[in-house]
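Reviewing the structure listed below.
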Amino acid sequence: MSKQWYVVHTLAGSEHKVKANLERRITSMGMQDQIFRVVVPMEEAIEVKRGKKRFTKKKVFPGYVMVEMIMNDRSWYVVRNTPGVTGFVGSGMKPEPLNEEEVSVILRQTGVEKGVPRLDVEKGEMVKVIAGPFLNYTGTVESVDQEKGKMTVLLSIFGRETPVELDFSDVEKL
């Protein structure tokens with residue numbers, strides 16, 4: 001059997017408590033070789049309160065936790081009987097694993113796994129900013145870091161050339 005991702009339904013508002021409880025149970029019951037990761041999918045959101053912007057983390061799927069595990073009777077029992085868990089998501093009695101594409105999209109969106117996009121640009125080329133505070137600005141690439149998926153672009157801000165670090169996903173090649 002290979003490890004797969006499963007979705008576990010939890011009591012509302014207790015996702016982090018379930019994650020902590022499950023991680024403790026995995027260690028105390030010696031299940032590290034069958035239950036690998038427990039993730040509460042979160043994403044950054046901008047909240048405006050009293051005219052001030054704040055970055056907060058919000059649950060992508062309230063009431064659900066993702067668990068990477070090898071499904072067998074023992075691992076099912078450990079997860080199912082963790083305080084706060086109401087059951088696995090799936091049809092009938094058998095939990096349904098998520099497919100690989102779903103998992104990779106969720107983990108990348110939530111920042112659990114960094115999928116570094118590739119962008120074929122070199123120093124001196126022109127790019128247009130397509131996201132973020134410098135939307136629709138155009139500039140010249142100053143440096144490129146393929147490993148981090150970032151680049152430094154010289155943008156003309158208030159008539160001055162200003163170096164700005166941008167993610168590959170925030171720009172497009174002209």
Side-chain angles (χ1 to χ4, degrees), residues 1-23 25-26 31-48 53-72 75-76 78-80 82 84-121 127-137 141 144-153 164-174:
M1 283 293 286
S2 65
K3 61 183 178 181
Q4 292 182 298
W5 284 93
Y6 293 87
V7 178
V8 177
H9 193 268
T10 67
L11 296 172
S14 64
E15 299 87 354
H16 292 290
K17 198 180 300 178
V18 166
K19 178 181 189 265
N21 285 340
L22 185 51
E23 286 172 343
R25 284 173 58 93
I26 292 166
M31 296 293 290
Q32 297 92 331
D33 61 335
Q34 294 176 41
I35 305 172
F36 306 98
R37 289 194 282 177
V38 182
V39 175
V40 178
M42 304 282 284
E43 67 183 355
E44 280 196 0
I46 298 173
E47 204 174 75
V48 179
K53 281 186 188 179
R54 284 190 1 206
F55 287 95
T56 60
K57 293 242 180 210
K58 292 200 183 229
K59 294 176 190 117
V60 178
F61 306 114
Y64 296 94
V65 172
M66 293 173 53
V67 181
E68 184 182 31
M69 61 190 278
I70 295 171
M71 182 59 74
N72 58 38
S75 63
W76 177 87
V78 170
V79 174
R80 180 67 185 90
T82 298
V85 171
T86 58
F88 280 90
V89 173
S91 57
M93 297 299 286
K94 186 172 181 254
E96 294 288 328
L98 294 170
N99 69 42
E100 287 301 313
E101 294 87 50
E102 290 173 320
V103 172
S104 65
V105 166
I106 292 168
L107 294 180
R108 266 201 312 276
Q109 275 181 340
T110 59
V112 173
E113 282 181 3
K114 299 284 186 207
V116 179
R118 307 300 286 169
L119 190 62
D120 187 28
V121 293
V127 292
K128 179 180 180 180
V129 181
I130 57 171
F134 302 105
L135 180 67
N136 295 327
Y137 276 72
V141 176
V144 179
D145 186 343
Q146 290 286 354
E147 284 78 45
K148 291 184 181 175
K150 294 186 179 287
M151 66 175 67
T152 303
V153 179
V164 177
E165 187 176 72
L166 299 167
D167 290 326
F168 285 178
S169 58
D170 293 343
V171 298
E172 68 181 15
K173 193 173 171 179
L174 289 179

Distance from Asp170 atom CG to Ile130 atom CD1, nearest 0.5 Å? 7.0 Å
Write down the atom of Val129, the atom of Ala131, and the distance for their closest heavy-atom approach. CG1-O, 3.2 Å
Measure the shortest side-chain to side-chain distance between Glu102 and Met66 over non-hydrogen atoms and say whether it is less than 4.5 angstrom. no
Could you give the distance from CE (Met69) to CE (Met31), rounded to the nearest 0.5 Å? 7.0 Å
Rounding to 0.5 Å, atoms NZ (Lys150) and CD (Glu165) come to a distance of 5.0 Å
Electrostatic pair Lys19-Glu15, nearest N-O below 4.0 angstrom: no
Tell me if the aromatic rings of Phe88 and His9 count as close, with their centers under 6.0 Å from one another. no
Looking only at heavy atoms, the pair that brings Ser14 and Gly84 closest together is OG-O, 4.4 Å
Rounded to the nearest 0.5 Å, how far does NE2 of His16 lie from CG of Asn21? 13.0 Å
Any chance you could measure Lys17, atom NZ, to Leu22, atom CG, to the nearest 0.5 Å? 15.0 Å
How many angstroms lie between atom CD of Glu23 and atom CD1 of Ile35, to the nearest 0.5 angstrom? 11.0 Å
Any side-chain heavy atom of Arg37 within less than 4.5 Å of one from Lys3? no
side-chain contact (heavy atoms from CB on, under 4.5 Å) between Val79 and Tyr6, worked out: CA-CA 10 Å; Val79 174; Tyr6 293 87; over 6 Å; no
Is it the case that more than 12 heavy atoms not belonging to Lys59 sit under 6.0 Å from its NZ atom? yes
Please find the pair of heavy atoms, one from Pro95 and one from Trp76, that lie closest to each other, and give the distance. CG-CD1, 4.0 Å
Are the side chain of Arg25 and the backbone N or O of Ala20 linked by a donor-acceptor pair below 3.5 Å? no
Do Phe61 and Ile106 come within less than 4.5 Å of each other through their side chains, counting heavy atoms only? yes
As a quick check of understanding, evaluate side-chain contact (heavy atoms from CB on, under 4.5 Å) for Asp145 and Met151, giving each step before the final call. CA-CA 6 Å; Asp145 186 343; Met151 66 175 67; over 6 Å; no
Quick one: do Phe36 and Ile26 satisfy side-chain contact (heavy atoms from CB on, under 4.5 Å)? Show the steps, please. CA-CA 9 Å; Phe36 306 98; Ile26 292 166; over 6 Å; no
Are the side chains of Leu107 and Trp5 in touch, meaning some heavy atoms are under 4.5 Å apart? yes
Answer yes or no: are there more than 12 heavy-atom neighbours, outside Lys58 itself, under 6.0 Å from its atom NZ? no
Is the side chain of Ser75 donor-acceptor paired with the backbone N or O of Ile70 at a distance under 3.5 Å, no angle test? yes
